[in-house]
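Notes to accompany the following structure.
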There are 2 protein chains.
Amino acid sequence: MQTMARAATTSDAFNAVAEPRRREILSLLVVQERPVGEIVAILRLDQPSVSKHLRVLRNVGLVRVRRNGRHKLYRTNPEAIRPMHQWTSTFERYWRHQLHRVKERAEAMETANPESNLKL
Amino acid sequence: MQTMARAATTSDAFNAVAEPRRREILSLLVVQERPVGEIVAILRLDQPSVSKHLRVLRNVGLVRVRRNGRHKLYRTNPEAIRPMHQWTSTFERYWRHQLHRVKERAEAMETANPESNLKL
DNA sequence: TTGACATATTCCCATATAGGAATGTAATGT
DNA sequence: ACATTACATTCCTATATGGGAATATGTCAA
């Protein structure tokens with residue numbers, strides 16, 4: 001690895017979940033563990049595709065596997081999503097601020113000119 | 001666009017923030033708006049690189065710009081991060097479960113064999 | 001207008017994809 | 001041993017990317 005054009009999908013959770021299908025898989029497997037075949041059937045994806053996505057998710061710890069006969073049961077490891085949740089949480093107070101300002105402005109307009117809502 | 005190897009960085013917020021430098025930029029610009037030059041100085045990145053990252057962030061609505069003389073002042077638009085926060089939140093109850101189980105198991109062991117903590 | 005400053009864009013290139021198709025491997029039942 | 005089921009991996013290809021370097025665009029001031 002000399003100069004990477006784009007960070008590997010397996011470099012961290014952020015890169016892994018950038019792919020929409022992988023987000024779907026995670027949402028599915030957090031409810032209950034499932035064999036690959038079920039994921040294929042439910043999400044209407046090709047089996048190799050699912051296996052590849054699971055590989056990526058496994059590499060970053062977003063899913064865990066256990067064997068059960070011929071089946072491999074995958075489940076989401078929700079702990080691995082926490083870092084993303086925490087990072088996004090640091091912005092929470094700011095969008096709250098934003099909403100406040102919008103609300104305040106709306107109320108100010110309401111007081112100043114009660115009919116302005118009807119216009120437009 | 002026929003068959004995209006990987007979704008464009010500008011396809012949504014998830015893809016845009018997959019890049020670590022862009023996350024740094026967002027964290028910086030949420031506190032206060034700044035001209036490009038300051039971002040360059042603070043994060044120690046090349047100016048063209050910063051401009052390119054800002055372009056991506058702007059395309060997905062993660063930052064906003066306003067002109068001020070020769071400067072362009074960029075600021076994070078925290079609202080655009082909410083969807084990510086919401087998505088990760090759907091997993092919150094599950095990692096809480098997980099933590100509960102771990103805690104319960106630890107306490108069960110404590111009760112059954114108080115010295116086991118010392119071993120290993 | 002010219003020069004200086006601030007930011008944006010373009011060109012080039014090595015790289016890691018994601019999908020499709022085909023093939024490989026592993027576990028089970030008979 | 002063999003066929004079958006369930007997954008995983010490999011090969012191929014088009015694609016978007018990020019960094020570096022160079023250049024373009026835009027804005028002000030004198």
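Within every chain, numbering begins at 1; the chains are lettered A, B, ... in the order of the sequence lines, protein sequences first and strands thereafter.
- Between the side chain of A/Gln47 and the base of D/dA8, at least one donor-acceptor pair of N or O atoms lies under 3.5 Å.
- For the OP1/OP2 pair of C/dA6 and a distance below 4.0 Å, the side-chain nitrogens and oxygens of B/Tyr74 include no atom meeting the criterion.
- At least one side-chain heavy atom of A/Leu29 sits less than 4.5 Å from a side-chain heavy atom of A/Ile39.
- Ring pair A/His85/B/His85 is parallel by interplanar angle, where below 30° counts as parallel and above 60° as perpendicular.
- Taking 3.5 Å as the limit, the base of C/dG20 and the side chain of A/Lys52 contain a donor-acceptor pair of atoms between them.
- Following rounding to the nearest Å, B/Asn68 (CG) and C/dA6 (C1') show an atom-to-atom distance of 12 Å.
- Side-chain proximity of A/Lys72 to the nucleotides C/dA21, D/dC7, D/dA21 is greatest for D/dC7.
- The 12-atom threshold is exceeded at CZ of A/Arg23, counting heavy atoms of other residues, nucleotides or ligands nearer than 6.0 Å.
- Side-chain proximity of A/Arg67 to the nucleotides C/dA27, C/dA8, D/dG19 is greatest for C/dA27.
- Of the possible donor and acceptor atoms, none in the side chain of A/Ser49 sits under 3.5 Å from a partner among the backbone N and O of A/Leu45.
- Along DNA chain D, the nucleotide closest to A/Arg6 and the one closest to A/Arg55 are compared, and the more 5′ of them pairs with A/Arg55.
- For B/Arg70, counting side-chain heavy atoms from C-beta on, the closest listed nucleotide (C/dG19, D/dA8, D/dC28) is D/dC28.
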